There are 2 protein chains.
Amino acid sequence: MKLSQRGEYALRALLVLGMNHGPGVVRIRDIAQQQNIPRRFLEQILNDLKSAGFVVSKRGVAGGYRLQRGPEEISLADIIRHLEGPLAPVGCVSVNYYQRCSCPDEGKCAIRSVMQEVRDAIVGVLEGVSVAHLCDRVRDLQGPLENPLDYVI
Amino acid sequence: MKLSQRGEYALRALLVLGMNHGPGVVRIRDIAQQQNIPRRFLEQILNDLKSAGFVVSKRGVAGGYRLQRGPEEISLADIIRHLEGPLAPVGCVSVNYYQRCSCPDEGKCAIRSVMQEVRDAIVGVLEGVSVAHLCDRVRDLQGPLENPLDYVI
DNA sequence: AGTATACTTGACTAAATTAGTCGGGATTAT
DNA sequence: ATAATCCCGACTAATTTAGTCAAGTATACT
């Protein structure tokens with residue numbers, strides 16, 4: 001698993017939305033400014049996250065985005081799987097994006113058995129962390145702030 | 001970390017060399033045939049593994065390749081690092097290929113702290129497996145064979 | 001009703017990476 | 001000598017990545 005720029009931007013955007021989760025929406029422009037993401041590119045990314053069902057949008061003057069489900073219900077594994085494809089280092093050990101490889105017998109492939117362990121290790125971490133957990137980490141890492149709006153991601 | 005075709009070929013080639021480790025050398029052509037790797041491409045790969053010090057070559061008629069160090073001394077982490085670059089999913093948590101990212105304070109970046117865990121999980125597996133371990137796995141997975149030359153990787 | 005603000009859609013581009021191929025040169029056992 | 005084998009650098013086609021851009025649609029506000 002390797003996180004592309006696009007993937008990192010997506011995570012950051014979702015984290016902003018997680019931190020501001022509520023009835024209201026957040027504008028693309030604000031996310032882009034706060035996180036230093038090219039606005040046009042972020043539009044594209046959020047659109048993608050929308051068709052994948054992670055966020056919903058509101059159009060027009062007071063428009064913007066918010067999370068579709070609660071932040072506890074969105075795991076990083078889900079997000080990254082959607083953005084980058086398989087979490088596994090090779091297709092033949094991927095559960096969600098399995099692809100047969102060229103070796104004659106997968107059950108007897110030593111390399112595959114190691115990659116299986118790598119996959120499990122990666123998935124183990126990423127399934128266990130939700131957007132809500134990320135938000136908790138932000139708060140823990142920042143420590144107590146005077147102004148609660150004055151955080152950084 | 002994602003394993004490219006090239007990376008997978010390299011691992012397979014090193015595993016063949018591990019299984020045949022000894023004073024003699026193995027020809028490119030034999031590795032290519034046994035593992036179904038395009039010969040010219042494998043030449044390129046082995047050349048790279050040679051300049052990286054994983055293997056040594058012997059030229060001329062009875063030429064070929066063998067591992068430079070013993071198979072116990074070569075970890076998959078080393079090999080993959082050389083072939084694919086960072087094991088970490090993002091540069092800012094990579095130890096060997098560190099690259100600063102754009103976030104204002106790495107120490108307070110929640111995404112980074114998760115990626116750190118992912119990196120550690122990946123490295124944990126890959127540092128622990130050497131080419132010799134891989135060879136053991138091949139033998140374990142194949143079970144007892146009548147003809148000891150009749151194995152598959 | 002009109003207008004400014006925001007999201008929407010789809011096409012477009014430049015640069016980097018990936019998976020090879022190819023020709024010809026250098027070495028060495030026989 | 002010569003045939004087998006590694007060595008080296010250049011070349012290519014397809015894919016992915018990181019964006020940009022223009023024009024369209026919905027909505028709040030006056």
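All figures in this text were calculated on a predicted structure; none of them were measured in a lab. First the proteins, then the strands, lettered A, B, ... as listed; each starts at 1.
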Student: Whole-Å distance between C:dT17 P and B:Glu84 CD?
Tutor: 13 Å
Student: Under 4.0 Å from OP1 or OP2 of D:dC6: is there any side-chain N or O of B:Arg27 that close?
Tutor: no
Student: Considering every strand and a 4.0 Å limit on heavy-atom distances, what is the contact class for A:Gly60: base, sugar-phosphate, or nothing?
Tutor: base
Student: Take atom CG of A:Asp48 and atom C1' of C:dT9, then tell me their distance rounded to the nearest Å.
Tutor: 13 Å
Student: Can you tell me the distance, in whole Å, between the CG atom of A:Leu42 and the P atom of D:dT20?
Tutor: 11 Å
Student: Once hydrogens and angles are ignored, does a donor-acceptor distance under 3.5 Å link the base of D:dG19 to the side chain of A:Arg39?
Tutor: no
Student: Could you tell me whether B:Glu8 and A:Arg112 have a side-chain N and a carboxylate O separated by less than 4.0 Å?
Tutor: no
Student: Nearest nucleotide by nearest heavy atom, which residue falls closer to the 5' end of DNA chain C, A:Gln44 or A:Gly64?
Tutor: A:Gly64
Student: Please give, in whole Å, the distance from D:dA18 C1' to A:Arg12 CZ?
Tutor: 15 Å
Student: Kindly say if A:Lys58 contacts the phosphate of C:dC7, meaning a side-chain N or O under 4.0 Å from OP1 or OP2.
Tutor: no
Student: Could you tell me whether the side chain of B:Tyr97 and the main chain of B:Ala88 form a donor-acceptor pair under 3.5 Å?
Tutor: no
Student: Can a side-chain donor-acceptor contact be found between B:Arg6 and B:Gln44 if the only test is distance below 3.5 angstrom?
Tutor: yes
Student: Taking all non-hydrogen atoms of both residues into account, name the closest pair between B:Pro71 and B:Ser130 and its distance.
Tutor: O-CB, 3.5 Å
Student: Check whether any side-chain N or O of A:Tyr65 sits under 4.0 Å from OP1 or OP2 of C:dT8, and answer yes or no.
Tutor: yes
Student: Measure CD1/A:Ile45 against C1'/C:dT8 and give the value in whole Å, please.
Tutor: 15 Å
Student: Hey, does B:Arg6 reach any base, or is it just sugar-phosphate, or nothing, if we go heavy atoms under 4.0 Å?
Tutor: sugar-phosphate
Student: Can you check whether A:Ser4 has a side-chain N or O nearer than 4.0 Å to OP1 or OP2 of D:dT16?
Tutor: no
Student: Considering only C:dT5, C:dT28, C:dG23, which nucleotide approaches the side chain of A:Val61 most closely?
Tutor: C:dT5
Student: Salt bridge check, B:Asp136 against B:Arg139: does any charged N sit closer than 4.0 Å to a carboxylate O?
Tutor: yes
Student: Without hydrogens or angle criteria, can the side chains of B:Ser4 and B:Glu84 be said to hold a donor-acceptor pair below 3.5 Å?
Tutor: yes
Student: Answer yes or no: does a side-chain N or O of A:Asn47 lie under 4.0 Å from OP1 or OP2 of C:dC7?
Tutor: no
Student: For A:Arg59 and for A:Glu43, find the nucleotide of DNA chain D with the closest heavy atom, then tell me which residue's nucleotide is more 5'.
Tutor: A:Glu43
Student: Reckon B:Tyr9 has a side-chain N or O less than 4.0 Å from the OP1 or OP2 of C:dG20?
Tutor: yes
Student: Picking from C:dA29, C:dG20, C:dC7, which would you name as closest to the side chain of A:Ile28?
Tutor: C:dC7
Student: In whole Å, I'd like the distance from the CZ atom of B:Arg40 to the P atom of D:dC11.
Tutor: 16 Å
Student: Would you kindly give the CZ-to-P distance between B:Arg29 and D:dA4, to the nearest whole Å?
Tutor: 8 Å
Student: Grab the CZ-P distance between A:Phe41 and C:dA14 for me, whole Å please.
Tutor: 17 Å
Student: With respect to the side chain of A:Ser57, which nucleotide from D:dG19, C:dT8, C:dT28 is positioned closest?
Tutor: C:dT8
